[in-house]
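Right, one structure below, let's go through it.
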Amino acid sequence: MVALHPVRLSLIWAALFTALWTWLIYVLPALPESGVPALGVRLMAHGLIALGLWLGLERTPLTPRQRQAIWLSIMIPFTLWATVAWTAAINGAFRAGASSLPLLPAAILLPVIVGAPVLLLSKRIGQLLDAMPATWLIALQLYRVFGSQWLAYWLRGVLPGLWALPAGTGDVLTGLFAVPAAIALATGTAEGRRAAILWNVFGLADFAVAITLGMIMSPGPFQLIIPQGPSMGVDSFPNVLTPAFVVPSSILLHALSLRQLFRLSPAETM
């Protein structure tokens, strides 16, 4: 049985924070445009990933030198990826018309195409996932509630509802239910595992919808829909960091979580 009190409590606190964040973005548009919230969230997530990776490696039978080598082999490329995406966003490389190449779609899809096979097939990564609590990779994506900013932009009339409503709502729901899904998984039951798998599938489906709508509504070679009213405006800093870095990195986290869930027995999920 899943303890309803912590699940309910986590939902309430996450919902209150999401409502506050949405209100701040709505009344203070200069706040997200400064890039400070995006920097803070990314540094926090980056630090949690680095710490969780190290703590997970300490639970493996690997030697200290092997742990250090694996930690560096993951964190160095991850940090360089974040730095390149951040620098390109600041310099306007992803803006429509800045290049003849579809750089933003490439920034979304290439890391997944390259990174997913490595993360899903690596023996060392498998050892790490076997040793790491499966709840960590799920609870980490609580940061998805920050996607409520798309709803705030829609309310202010600066983003089309056809994209902002499904993308923002999907992000908020994924973030709101991250901790409850982790709590359900921690019970070690088959129902808890199914809940965690469904949470991952929903999170990936949210990205599939947002990416597809974003590509066919944004100016470029893939545009099929010209929005009536406000146009898509997520190709400049700091908003572009979401599709250029947050989306592909979150997709990889979902892939790792699913691999871990299918590797572990129910008793090992805690």
Closest approach of [X] to [Y] (non-hydrogen atoms, all atoms of both residues):
| X | Y | result |
| --- | --- | --- |
| L103 | A93 | CD1-O, 3.4 Å |
| F94 | A88 | CE1-CB, 3.7 Å |
| G126 | R263 | O-NH2, 3.5 Å |
| A196 | I138 | CB-CD1, 3.6 Å |
| L57 | T60 | O-OG1, 2.6 Å |
| L119 | R259 | O-NH1, 2.7 Å |

Are [X] and [Y] close enough that some pair of their side-chain heavy atoms sits under 4.5 Å apart?
| X | Y | result |
| --- | --- | --- |
| V145 | D171 | no |
| I25 | S148 | no |
| P180 | W199 | no |
| I251 | I211 | yes |
| T22 | V172 | no |
| M75 | W54 | no |
| V112 | V247 | no |
| V234 | L159 | yes |

Do [X] and [Y] belong to the same hydrophobic cluster, where Ile, Leu, Val, Met, Phe, Trp and Tyr are linked whenever their side-chain heavy atoms lie under 4.5 Å apart, directly or via other members?
| X | Y | answer |
| --- | --- | --- |
| L48 | V41 | yes |
| V118 | L109 | no |
| I70 | L51 | yes |
| M44 | L31 | yes |
| M132 | F262 | yes |

Is the W21 to F146 ring centre distance short of 6.0 Å? yes
Which distance, rounded to the nearest 0.5 Å, do you find between the [atom1] of [X] and the [atom2] of [Y]?
| X | Y | atom1 | atom2 | answer |
| --- | --- | --- | --- | --- |
| L53 | L72 | CG | CG | 9.5 Å |
| L176 | I12 | CG | CD1 | 11.5 Å |
| T87 | F237 | OG1 | CZ | 10.0 Å |
| I113 | I108 | CD1 | CD1 | 11.5 Å |
| W136 | L256 | CH2 | CG | 14.0 Å |
| L104 | M215 | CG | CE | 8.5 Å |

After noting the C-alpha distance and the side-chain angles of S249 and F78, does the key distance pass the side-chain contact (heavy atoms from CB on, under 4.5 Å) rule? CA-CA 9 Å; S249 60; F78 185 64; 4.2 Å; yes
May I ask you to say whether D235 pairs ionically with R95, meaning some side-chain N is under 4.0 Å from a carboxylate O? no
Working note: L258 + L204, criterion side-chain contact (heavy atoms from CB on, under 4.5 Å); need CA distance, chi angles, decisive distance, verdict. CA-CA 11 Å; L258 286 171; L204 289 171; 3.9 Å; yes
Whether over 12 other heavy atoms sit under 6.0 Å from [X] [atom1]:
| X | atom1 | result |
| --- | --- | --- |
| W154 | CH2 | no |
| W13 | CH2 | no |
| F177 | CZ | no |

Is there a donor-acceptor pair under 3.5 Å between the side chain of S257 and the backbone N or O of H254? no
Quick check against the 3.5 Å criterion: does Q260 have a side-chain atom that pairs as donor or acceptor with the backbone of L129? yes
Does the ring of Y143 carry R42 above it, NZ/CZ under 6.0 angstrom from centre and within 45° of its axis? yes
Please lay out, stage by stage, how H46 and I49 fare under the test side-chain contact (heavy atoms from CB on, under 4.5 Å). CA-CA 5 Å; H46 205 86; I49 289 173; 5.9 Å; no
How about R124 and Q127: does a side-chain donor come under 3.5 Å of a side-chain acceptor? yes
